[in-house]
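Read through the structure below, which is laid out as structure tokens, and then see the notes.
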Amino acid sequence: MKKAQQINFLTGVFLILGLNLSSQNLKNYFSVSEVSFSNTNYKLAWSSHPNDVYYKQEYLPAGEKPESFKTMIMIEAITVDASIENVVRLKESELQERKKTDQVCNYQITTNSQTGEYLIDFLLSAGDIVEWNAYRYKKIVDSKGKPTILLFALSKRAYGNDYKNFLVGLKSDRIDAINLVWKYNLSTIKLQD
């Protein structure tokens with residue numbers, strides 16, 4: 001696949017990352033039905049496999065719903081032979097475009113030079129929702145030998161007037177949350193079709 005085609009393909013795939021497509025049958029595409037993160041257990045709440053190369057699962061703490069969650073864990077995989085740098089730059093381009101219409105939008109990219117992994121933490125808003133995310137990208141080889149980009153993500157939200165306290169708390173908790181995302185053991189995550 002030519003580089004331009006690959007980037008266009010990845011753009012299309014990643015555009016659906018933010019969609020909350022409904023799924024009648026919850027299927028575990030990874031080897032993880034529950035994620036323990038920062039002393040909270042997150043249970044598989046939603047999954048999708050909309051095409052041959054893209055998988056997504058969302059995990060919520062007990063009592064939280066997808067439409068009103070405060071914290072969520074996401075695991076995603078794209079089984080394509082793509083440069084992890086291109087995937088990260090694609091997300092960066094998306095965020096740069098969003099900054100034109102979202103005054104809250106801001107992001108930072110860090111990398112682990114020893115593992116080749118990247119992390120983008122970003123803040124955005126829509127209506128009365130403010131959301132912060134930490135997306136950790138890692139290139140792996142799946143069980144069938146296919147090159148795969150794995151995403152492990154933490155998402156936190158505030159609604160309505162809670163955004164002020166959310167932003168104050170984020171200022172003090174952001175680095176700790178990022179460090180926890182970096183430290184999460186990704187070796188337990190196995191793509192299974």
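Heavy-atom basis, side chains included; hydrogens, waters and symmetry copies ignored.
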With a 4.5 Å heavy-atom cut-off, do [X] and [Y] have their side chains touching?
| X | Y | result |
| --- | --- | --- |
| Pro66 | Leu60 | yes |
| Phe166 | Lys156 | yes |
| Val80 | Tyr54 | no |
| Val32 | Tyr59 | yes |
| Leu124 | Ile129 | no |
| Glu131 | Phe69 | yes |

Only one of Leu154, Leu151, Asn133 forms a side-chain contact (heavy atoms from CB on, under 4.5 Å) with Met74, so which one is it?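 Only one of Leu154, Leu151, Asn133 forms a side-chain contact (heavy atoms from CB on, under 4.5 Å) with Met74, namely Asn133.
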Side-chain donor/acceptor of Ser38 to backbone N/O of Thr40, under 3.5 Å: no
Of all the heavy-atom pairs spanning [X] and [Y], show the shortest one and how long it is.
| X | Y | value |
| --- | --- | --- |
| Trp132 | Ala134 | CH2-CB, 3.7 Å |
| Glu34 | Lys43 | OE1-NZ, 2.7 Å |
| Glu64 | Thr71 | OE1-N, 3.2 Å |
| Ser187 | Asn185 | OG-OD1, 2.5 Å |
| Phe30 | Leu191 | CE2-CD1, 3.7 Å |
| Thr79 | Asp142 | CG2-OD2, 3.8 Å |

Is there a side-chain contact (heavy atoms from CB on, under 4.5 Å) between Ile120 and Leu95? Walk through the geometry before answering. CA-CA 10 Å; Ile120 303 176; Leu95 292 168; 4.0 Å; yes
Going by side chain to side chain donor-acceptor pair (under 3.5 Å), name the pairs with one or both residues in residues 159-172, residues two or more places apart or in two chains.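 Non-adjacent pairs meeting side chain to side chain donor-acceptor pair (under 3.5 Å): Arg157-Tyr159.
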Working to the nearest 0.5 angstrom, can you tell me the gap between [X] [atom1] and [Y] [atom2]?
| X | Y | atom1 | atom2 | answer |
| --- | --- | --- | --- | --- |
| Ile78 | Asn51 | CD1 | CG | 8.5 Å |
| Ile149 | Asp81 | CD1 | CG | 8.5 Å |
| Lys27 | Ser47 | NZ | OG | 8.5 Å |
| Tyr55 | Thr148 | OH | OG1 | 8.5 Å |
| Trp46 | Lys56 | CH2 | NZ | 5.5 Å |
| Tyr135 | Ser155 | OH | OG | 6.5 Å |

Centroid-centroid under 6.0 Å between Phe122 and Tyr107 rings: no
Ring centroids only, cut at 6.0 angstrom: are Tyr184 and Phe152 within range, meaning strictly under it?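 Between Tyr184 and Phe152, the centre distance is under 6.0 Å.
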Using residues 108-117 as the side-chain source, report each donor-acceptor pair under 3.5 Å to any protein atom, sequence neighbours left out, with the distance given to one decimal.
{"from": "Gln108", "atom 1": "OE1", "to": "Arg174", "atom 2": "NH2", "distance (Å)": "2.8"}
{"from": "Thr111", "atom 1": "OG1", "to": "Glu117", "atom 2": "O", "distance (Å)": "3.0"}
{"from": "Asn112", "atom 1": "OD1", "to": "Gln114", "atom 2": "N", "distance (Å)": "2.9"}
{"from": "Asn112", "atom 1": "OD1", "to": "Thr115", "atom 2": "N", "distance (Å)": "3.2"}
{"from": "Thr115", "atom 1": "OG1", "to": "Glu117", "atom 2": "N", "distance (Å)": "3.3"}
{"from": "Thr115", "atom 1": "OG1", "to": "Glu117", "atom 2": "OE2", "distance (Å)": "3.2"}
{"from": "Glu117", "atom 1": "OE1", "to": "Arg136", "atom 2": "NE", "distance (Å)": "2.5"}
{"from": "Glu117", "atom 1": "OE1", "to": "Arg136", "atom 2": "NH2", "distance (Å)": "2.8"}

In residues 176-183, what donor-acceptor pairs under 3.5 Å come from side-chain atoms, sequence neighbours left out?
{"from": "Asn179", "atom 1": "ND2", "to": "Ile175", "atom 2": "O", "distance (Å)": "3.3"}

Is it the case that over 12 heavy atoms from other parts of the model lie below 6.0 angstrom from the NZ atom of Lys70? no
State plainly whether one hydrophobic cluster holds both Ile84 and Val141, where clusters connect Ile, Leu, Val, Met, Phe, Trp and Tyr through side-chain heavy atoms under 4.5 angstrom apart. no
So Val35 and Leu44, side-chain contact (heavy atoms from CB on, under 4.5 Å) or not? Walk me through it. CA-CA 8 Å; Val35 174; Leu44 180 60; over 6 Å; no
